[in-house]
**Student:** 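Got a structure for you, written out below as C-alpha cells; questions coming shortly.
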Amino acid sequence: MTKASEAAPSREPLVDRRGRVRLGAKFTPLLWLAPSLVLIFAVILYPVIEMVRQSLSIIDISGENIGWAGLSNYTALFHEQDLGKVVSNTVVWVVVVVIITIVVSMALAQLLNERFPGRRLVRWSLIVPWAASLVITTIVWLWMLNYFYGIVNPILKDVGIISHPVNWLGTPGTAFPSEMFVGIIVSIPFTTYVLLAGLQGIPRDIYEAAKVDGATAWRTYRSVTLPQLRPAMLVAVVLNIIYVFNSFTIIWIMTEGGPGHQTDTTATFVYKLAFRNDNVGESAALSVLNVVAVLIVVLVYVMIYNRRNEDLA
Amino acid sequence: MKSFIRIRIATSVVCVVAALSAAACGGSSSSSGGTAPAGNSDKGTITFVAADYSSHTKSFWNDLIKRFEAKYPGEKVNLNLVSWDDIQQKITTLVATHQQPDILNLDTYANFAADHLLAPVKDVVSPQLRKDFLPTFARNGVVKGTQYGIPFDASVRAFFYNKAAFTQAGIKSPPKTWQQLEADAQKIKDKTSFVPYGMDMGPEESEAEFSLWAMGNGGGWVHGDKWTIDQPANVQALEFMNQMAKKGLTEPDPGTTNQTPLWQTFAQGKIGMMEGSDSLPSLIKQYDPKMKYGISKVPVNAGHKPVTLGVEDYLMVFKTTKHAGVDKDFIDFFYRPSNYIHWVINEGLLPTTTSTAKVTSKRIPSFRPFLKLAPFSEFYPATNPIWGAIAGQVKSNLGAAFQGQSPQSVLSGLQAATKSAAQRTG
C-alpha cells in the first residue's frame, strides 16, 4: 500500500489543480475495459434480453416472431399439466446430487490431503472423469446400464446383489437414481479439488495449537477444519447448485426426460418445449423463470451462510 | 439454441418471400410458356438439384447423365448434388432468389405445390411412365386433385422374425393377426430365451411403431384435414400394445426402448419378432451374417386390411422450366428399368414403378418381401404443416402409456396438442 502511494506522484495526476477530475482520466479506464464490456454485453446481456423478449412474444410454429403476447406464454406454461412433476423432479435432482457430491468430495479431499504412497497418482487419476467429455462419460454409462448388453447387470448378478437383470433406465424408479448417480460421479472431481485447495490453505499452526490444547481428532475437525473450510465450501456448493440445476446432457442422453415427463427437469423441459413442441415462446418463459429461480436459491444460500458466519465470529 | 431459432426465423422469412414470388411467377408463367408443349426437337440445358443419398449417388448420376447426353444430342443436364443436411435450406434460398432448378429431388413437395411453383406431372412425364407408377406411391404426389410429386423411391416397414426362435417355439408360419401374434409371443416366452416381441415406444421413433398398430386397427393420425389421434381405434391399439407389455410378451419397459438399440439387439439374435424397415437386413448382415430370419406382412387386428408404414421421396419439376422437353426426356430416361434398377440396388431403396419393381424382384431376392408390401403402405401426415410439432410431442409422450398413464389420456393429450399447435401457425 505504501509503495503505491509513493509511486503515485510520478504518474499523471488524476485530479487537476482546481481539484476537478480530469475528463480524460475519467474515461481512460473505460477505454481499457471496453473490449470486455462489449464482449459481456454481446454474449451475456444480449441473449438474456432476447430471451425475455421472446418470452413475451408470440412465436409461431416455424420460429417467426408474430407479435406481442403479454404474459400469455407464462400462463400457458403454468397450465402445462406436467409442470408440477418437472419442478419437483428438479428440486429432488439438485438437492440429492449436490448434497451427496459434497459429502463424498469432502471425504475424498480429506483423503487426498493426507500423505500416502501413490498420492500423486490418485490425485491425477481423479482428474480423468473431469477432463473427459460429459457426453462420452454419459454414453459409456448408458451402455454399461443397458438391459441387453450392459456390464452392470452381470457384475451385480455375479456379486449376488441382484438375482435377475434390472432394466435400469426402463422405469423412472431406477432411471432417475441412475441419472443422479452419473450426475454425482461427474461432479465429484471438481468439487474435490475445490475442497482440497481449501484444506491445503488451512495453516498448520492452528492444528498444532489444537493438539497442544489436547483436542480430540473429532473436535479438531469440527472446530478447526470445518470453519476454516467455509470459503471453499461456499464456492463448491454455489457452483454445484448452478451446474446441477442447469445440467442437461446426462438426462437427455440417458432418458430424454422420459417416459413422458417422469425424469424431466426444467432444463430438459425447456428444450422439449422449444424443439419437440415447436413452442419457443413458452420455452423462453420457462428459461426466464429458471434463471430467476437459480438466482434466488443462490442468494438465499449465501445470505444464510454469511449470517451463520457472523454468528460464529 | 439461439442460432437455431435465428436460422428458423431466417428460413421462414425466405418462405414468405418465396410465397410472394410464387404469386408473381403464377401471373407471368402462362405467357412465358412455362409449360411449353414437349417435343424431342427442344434442346437446352436443364438444372437438376438432387439429394446426396450415399457414396454411390454421385457416380450414379454422372454416369446416367453422360449416357443421356450421348443419346440425346444437344440436351444437357447440369447436376447439383446437395447433402441431406443442407438441401432444404439450399432449395429455399434458390426459390427465394428466383433461381429454382428445373428438376428437384427431395422428400417433400407439397409446400411447393401449395405455393403454385410446380408443373403438373402430366406435363412433364410421358403417359406410359405415368401409368407405370405404382398407385400407392403416385397417390401421395397428389395435391387438390392434381399430381405434382413424381414418386422417386420409397422405403416400407415389414414384420421380421427370427427363424431359430420360431423353430424352438414350434411356430410354423408368421402371425397375420394381433391375436396370432400374441399367441406366438406366448409360445416364444414359454419355450425359449428370446424376447418374444421387440416393441420400440421410446422417444427415438415411437411414431413409427404406433402408426403400424394404429393403422392395423383401421386408425391413424388424420382423417382428411382433421386430426384423429384419440379416435377409438387408436386407443384400442395402444391398449393392446400395453397389454402385450404387461403380460411380459415384449422386452421390459417398451415405453423407454429406442429403435436403434432394439434393432441392434434383434440383429444379435436375441429377439423373436419385431417390426423393421428395408434397411434392417443390412444391419443384420453387419452383426450376424449367418442369422436366419423371415420377413412378412405386419400383423393387423383380425378383420382389418393388411397395411404398412411407408416413407417416400419425390422428383418435381418447377413450372419456370424453359426446357420441358428435356425434363421429360431425362425423367423418362431415368425411369427406364435398365437405369432405375441401378439406383435401387445402389441405395437399397424400393422402386416406384411397376416395370422396375418386376426386374428388381427377379434380380434381388431380398427386396421381394418389401415390394410385395409396398402397395399396402400408408404414410405419415407429413404434408400437414403442424405434423413436425405433433411428431415431437408423440415422441415425448407415447412411452408414458407404458408407465402408468392410461392410453386414452396419453392420446387425448396429443389430440389437445394439435389445437394449441394449430394456433401457432403463422
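Order of the sequence lines fixes the chain letters, A, B, ..., with proteins taken first and strands second; residue numbering starts at 1 for each chain.
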**Student:** Determine whether A:Phe176 and A:Val96 make a side-chain contact, defined as any pair of heavy atoms from C-beta on separated by less than 4.5 Å.
**Tutor:**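 Sidechains of A:Val96 and A:Phe176: no contact.
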**Student:** Where along residues 193-208 of chain B does a heavy atom come under 4.5 Å of chain A, listed by residue number?
**Tutor:**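 Within residues 193-208 of chain B, the residues under 4.5 Å from chain A are B:Val195, B:Pro203.
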**Student:** Take the angle between the ring planes of A:Phe248 and A:Tyr271 and call it parallel below 30°, perpendicular above 60°, tilted in between.
**Tutor:**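 Rings of A:Phe248 and A:Tyr271: tilted, 30 to 60°.
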**Student:** So what's closer than 4.5 Å to chain A heavy atoms on B:Gln393: side chain, backbone, both or neither?
**Tutor:**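 For B:Gln393, the contact with chain A is made by backbone and side chain together.
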**Student:** Heavy atoms, side chains only, cut-off 4.5 Å: are A:Leu289 and A:Phe78 in contact?
**Tutor:**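 With C-beta onward as the side chain, the pair touches.
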**Student:** Kindly assign one of parallel, tilted or perpendicular to the pair A:Phe41 and A:Tyr46, based on the angle between their ring planes and the thresholds 30° and 60°.
**Tutor:**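 A:Phe41 vs A:Tyr46 ring planes: tilted.
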**Student:** Under the criterion side chain to side chain contact (heavy atoms under 4.5 Å, CB included), I'd like the reasoning laid out for A:Glu179 against A:Trp141: C-alpha separation, chi angles, the key distance, then a yes or no.
**Tutor:** CA-CA 9 Å; A:Glu179 287 166 345; A:Trp141 276 102; over 6 Å; no
**Student:** Pick whichever of A:Gly260, A:Pro259, A:Pro165 has the most heavy-atom pairs under 4.5 Å with chain B.
**Tutor:**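 Most pairs with chain B among the choices: A:Pro259.
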**Student:** Is there a donor-acceptor contact under 3.5 Å from the side chain of B:Asn162 to the main chain of B:Phe266?
**Tutor:**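 No, because the side chain of B:Asn162 does not come within donor-acceptor range (under 3.5 Å) of the backbone of B:Phe266.
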**Student:** Where on A:Asp264 is there a heavy atom nearer than 4.5 Å to chain B: the side chain, the backbone, both, or neither?
**Tutor:**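 Neither part, no heavy atoms under 4.5 Å.
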**Student:** Does some side-chain heavy atom of A:Phe148 sit less than 4.5 Å from a side-chain heavy atom of B:Glu251?
**Tutor:**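 B:Glu251 reaches A:Phe148 side chain to side chain.
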**Student:** At a heavy-atom separation under 4.5 Å, does A:Leu169 approach chain B through its side chain, its backbone, both, or neither?
**Tutor:**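 Just the backbone, heavy atoms under 4.5 Å.
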**Student:** Do you know which of A:Asn279, A:Ile58, A:Thr255 has the most heavy-atom pairs with chain B at a distance under 4.5 angstrom?
**Tutor:**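 Looking at each option in turn, the highest pair count goes to A:Asn279.
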**Student:** Name the region of B:Lys270, side chain, backbone, both or neither, that has any atom closer than 4.5 Å to a heavy atom of chain A.
**Tutor:**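 Side chain only.
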**Student:** Among B:Thr257, B:Asn397, B:Asn258, B:Thr265, which residue has the highest count of heavy-atom pairs closer than 4.5 Å to chain A?
**Tutor:**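 Highest number of heavy-atom pairs under 4.5 Å: B:Thr265.
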**Student:** Any ion pair linking A:Lys272 and A:Glu80 (charged N to carboxylate O, less than 4.0 Å)?
**Tutor:**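 A:Lys272 and A:Glu80: not salt-bridged.
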**Student:** Would you call A:Glu256 and A:Thr268 a side-chain contact if the rule is heavy atoms closer than 4.5 Å?
**Tutor:**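 Not touching, per the 4.5 Å side-chain cut-off.
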